[in-house]
Amino acid sequence: MMAGDMPVAEMDRLGAQAAAHPEWCAPMLAVLTEERFSDPDWLFERKFDGERVLVFREADHLRLLTRNRKDVSDTYPELAEALACQPVQDFVADGEVVAFDGKVTSFACLQRRMQIKDAADARASGIHVFFYLFDLLHVSGRNIEGLPLRQRKNLLRKVFRFCDPLRYTQHRNELGKDYFQMACEKGWEGIIAKRADAPYRHGRSRDWLKFKCAKGQELVICGFTPPKGERKGFGALLLGYYEEGILRYAGKVGTGFDDAFLDDFRKRLEKRRRDTSPLDPAPDVAGAIWVRPEFVAEIGFTEWTEHGKLRHPRFLGLRRDKAAEDVVRERPS
DNA sequence: TTCCGACAGTGGGGTCGCAAT
DNA sequence: ATTGCGACCCCACTATCGGAA
């Protein structure tokens with residue numbers, strides 16, 4: 001995915017800097033971390049569960065681009081329109097497009113909108129989206145990426161007229177721990193900690209950190225898929241939980257293992273092979289190999305999907321202190 | 001020396017569109 | 001007509017390497 005995907009004329013219209021450095025529009029990305037801190041040198045923003053979008057405007061030419069530089073101007077025509085009638089004629093800004101389900105941003109809602117490529121279809125979809133802007137990279141012909149984040153956010157707030165569907169991303173100073181706790185209580189995905197005096201850096205940087213609200217539970221290992229390519233041991237573990245004595249499918253987990261565990265645990269699984277699925281109903285998983293449901297795994301994830309599977313699952317470890325029969329789906333009260 | 005950023009590779013759920021069956 | 005697959009979104013994680021700290 002290089003500049004070659006985009007016509008030269010298109011690149012030119014995105015500005016001289018884009019033409020000179022095709023990667024320059026890669027968004028700044030946060031690093032996931034386990035520490036939670038309060039610090040006067042940092043500010044803290046809500047973490048949105050949506051689609052990352054950068055907007056480039058030069059007079060009449062306006063483009064909305066995703067993280068992978070896909071043009072989504074026709075997917076979000078109402079956002080393009082709102083940005084096109086801003087008094088400031090020339091800017092590059094960064095933000096997140098979100099859809100709401102009640103008070104919480106819903107990626108599932110947004111997904112139905114995200115795929116639409118025709119502006120008229122998008123407007124008719126009935127799925128309302130908002131664009132939470134949180135950074136300003138260029139304004140009026142000036143590259144301001146080197147300015148401290150606080151100054152960029154100040155300029156962003158002053159230069160734009162914010163009214164729906166455009167929203168300024170508020171932040172809280174210093175009190176990261178408090179804000180994080182509040183975020184989790186409200187059911188948000190987490191918060192982003194940003195070093196307040198840091199410049200905008202393209203790509204991943206520790207000047208931005210993700211504090212994600214922990215979600216996890218034990219699940220029963222019911223089988224596995226074979227490894228692909230250079231992968232050792234197994235591909236993914238097939239997980240389940242008990243519901244009134246019946247083992248229900250909860251999806252797969254395929255990350256969080258190192259090579260030694262992949263090799264070693266495959267051997268232990270082999271000793272427990274059985275021909276039929278312990279899950280009821282048996283999920284349709286290509287190449288699945290079933291085992292007696294004896295192992296319990298601790299799994300971290302972001303949420304249960306509408307289809308009853310884990311979203312963003314990762315393996316955290318085996319649990320020896322919990323009987324498989326005691327594993328049930330934990331539901332928020 | 002240690003740490004960090006960048007890359008490649010493997011894995012997840014979900015949606016859509018198109019090609020193969 | 002159905003199925004499978006890749007291309008997109010959202011991700012987590014491991015392994016490796018080279019250069020910065």
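Chain letters run A, B, ... following the sequence lines, proteins first, then strands; residues in each count from 1.
A sub-4.0 Å separation between OP1 or OP2 of dC11(C) and a side-chain N or O of Lys47(A) is present. Within the 4.0 Å cut-off from OP1 or OP2 of dA12(C), at least one side-chain nitrogen or oxygen of Lys212(A) is found. Applying the 4.0 Å criterion to OP1 and OP2 of dC9(C), one finds that Asn68(A) has a side-chain N or O inside that range. A sub-4.0 Å separation between OP1 or OP2 of dG13(B) and a side-chain N or O of His312(A) is absent. Put simply, Arg204(A) has no side-chain N or O that comes within less than 4.0 Å of OP1 or OP2 on dG5(B).
Aromatic pair Phe134(A)/Phe48(A): centroids not less than 6.0 angstrom apart. Here Phe265(A) and Phe224(A) keep their ring centres 6.0 angstrom or further from each other. Under the 6.0 Å cut-off for aromatic ring centres, Phe211(A) and Tyr179(A) do not qualify, their centroids lying 6.0 Å or more apart. For an aromatic pair to be called close, the ring centres must be under 6.0 Å apart, and Phe100(A) with Phe130(A) satisfies this.
Distance from the side chain of Lys210(A) is smallest to dC11(C) among dC11(C), dC10(C), dG11(B). Side-chain proximity of Arg67(A) to the nucleotides dG11(B), dG5(B), dC10(C) is greatest for dC10(C). When distances are taken from the side chain of Arg314(A) to each of dC9(C), dC13(C), dT15(B), the shortest belongs to dC13(C). Distance from the side chain of Lys70(A) is smallest for dC9(C) among the nucleotides dC10(C), dC9(C), dC16(B). Counting only heavy atoms from C-beta on, Gln115(A) has its side chain closest to dC8(C) among dC4(B), dC10(C), dC8(C). Proximity note for Phe107(A) (side chain, C-beta onward) versus dG11(B), dG14(B), dG13(B): the nearest is dG13(B).
Taking atom NZ on Lys309(A) and atom P on dA12(C), their separation rounds to 20 Å, with Å as the unit. Across the protein-nucleic acid pair, Asp284(A) atom CG and dG4(C) atom C1' stand 12 Å apart, rounded to whole Å. Atom pair Phe224(A):CZ and dG12(B):P shows a separation of 14 Å (rounding to whole Å applied). What separates CZ of Phe234(A) from C1' of dT10(B) is a distance of 12 Å, to the nearest Å. Atom NZ in Lys228(A) sits roughly 6 Å away from atom P in dG11(B) (whole-Å rounding). The separation between Glu230(A) atom CD and dC7(B) atom P is 21 Å, rounded to whole Å. In this structure, the NZ atom of Lys252(A) is 17 Å from the C1' atom of dC13(C), given to the nearest Å. If you take CZ of Phe265(A) and C1' of dG11(B), they are 16 Å apart, rounded to a whole angstrom.
Nucleic acid contact class of Ile116(A) (heavy atoms, under 4.0 Å, all strands): none. Contact annotation for Lys117(A): no contact, since no heavy-atom pair falls under 4.0 Å across all strands. Using a 4.0 Å heavy-atom criterion, one finds that Arg112(A) contacts no nucleic acid atom at all. Residue-level contact check: Glu51(A) touches the backbone only, with heavy atoms under 4.0 Å from sugar-phosphate atoms and none from bases. Note on Lys232(A): nothing from the nucleic acid sits closer than 4.0 angstrom, heavy atoms only. When heavy atoms are screened at a 4.0 angstrom cut-off, Gly300(A) is found touching no nucleic acid atom at all. Within 4.0 Å of Leu110(A), counting heavy atoms only, lies no atom of the nucleic acid at all. No engagement by Ser205(A) is indicated, since no non-hydrogen atom pair under 4.0 Å with the nucleic acid exists.
One can find a donor-acceptor pair under 3.5 Å joining the base of dG14(B) and the side-chain atoms of Gln111(A).
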query: Yes or no on side chain to side chain contact (heavy atoms under 4.5 Å, CB included) for Leu83(A) and Arg57(A), after CA distance, side-chain angles and deciding distance?
result: CA-CA 8 Å; Leu83(A) 289 157; Arg57(A) 180 180 181 192; 6.0 Å; no
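Glu78(A) and His128(A) share no side-chain donor-acceptor pair at under 3.5 Å.
Along DNA chain B, the nucleotide closest to Gly203(A) and the one closest to Pro313(A) are compared, and the more 5′ of them pairs with Gly203(A). Along DNA chain C, the nucleotide nearest Glu96(A) and the nucleotide nearest Phe315(A) are compared for position; the residue whose nucleotide lies closer to the 5' end is Glu96(A).
A distance-only check finds no donor-acceptor pair linking the side chain of Arg195(A) to the backbone of Trp208(A) [under 3.5 Å].
Pair check for dC7(B) finds none; no Watson-Crick or G-U wobble contact set falls under 3.5 Å.
For the pair Asp71(A) and Arg63(A), the salt-bridge criterion is met [side-chain N within less than 4.0 Å of a carboxylate O]. In this structure, Asp164(A) pairs ionically with Arg167(A), as a charged nitrogen and a carboxylate oxygen lie closer than 4.0 Å.
With Asp135(A) as the fixed residue, the side-chain hydrogen bond (donor to acceptor under 3.5 Å, both in side chains) test singles out one of Lys194(A), Lys153(A), Arg152(A): Arg152(A).
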message: I need a per-nucleotide contact map over nucleotides 14-21 of chain C, read 5' to 3'. Cutoff is protein heavy atoms under 4.0 Å; write B for the base, S for backbone only, - otherwise.
response: SS------
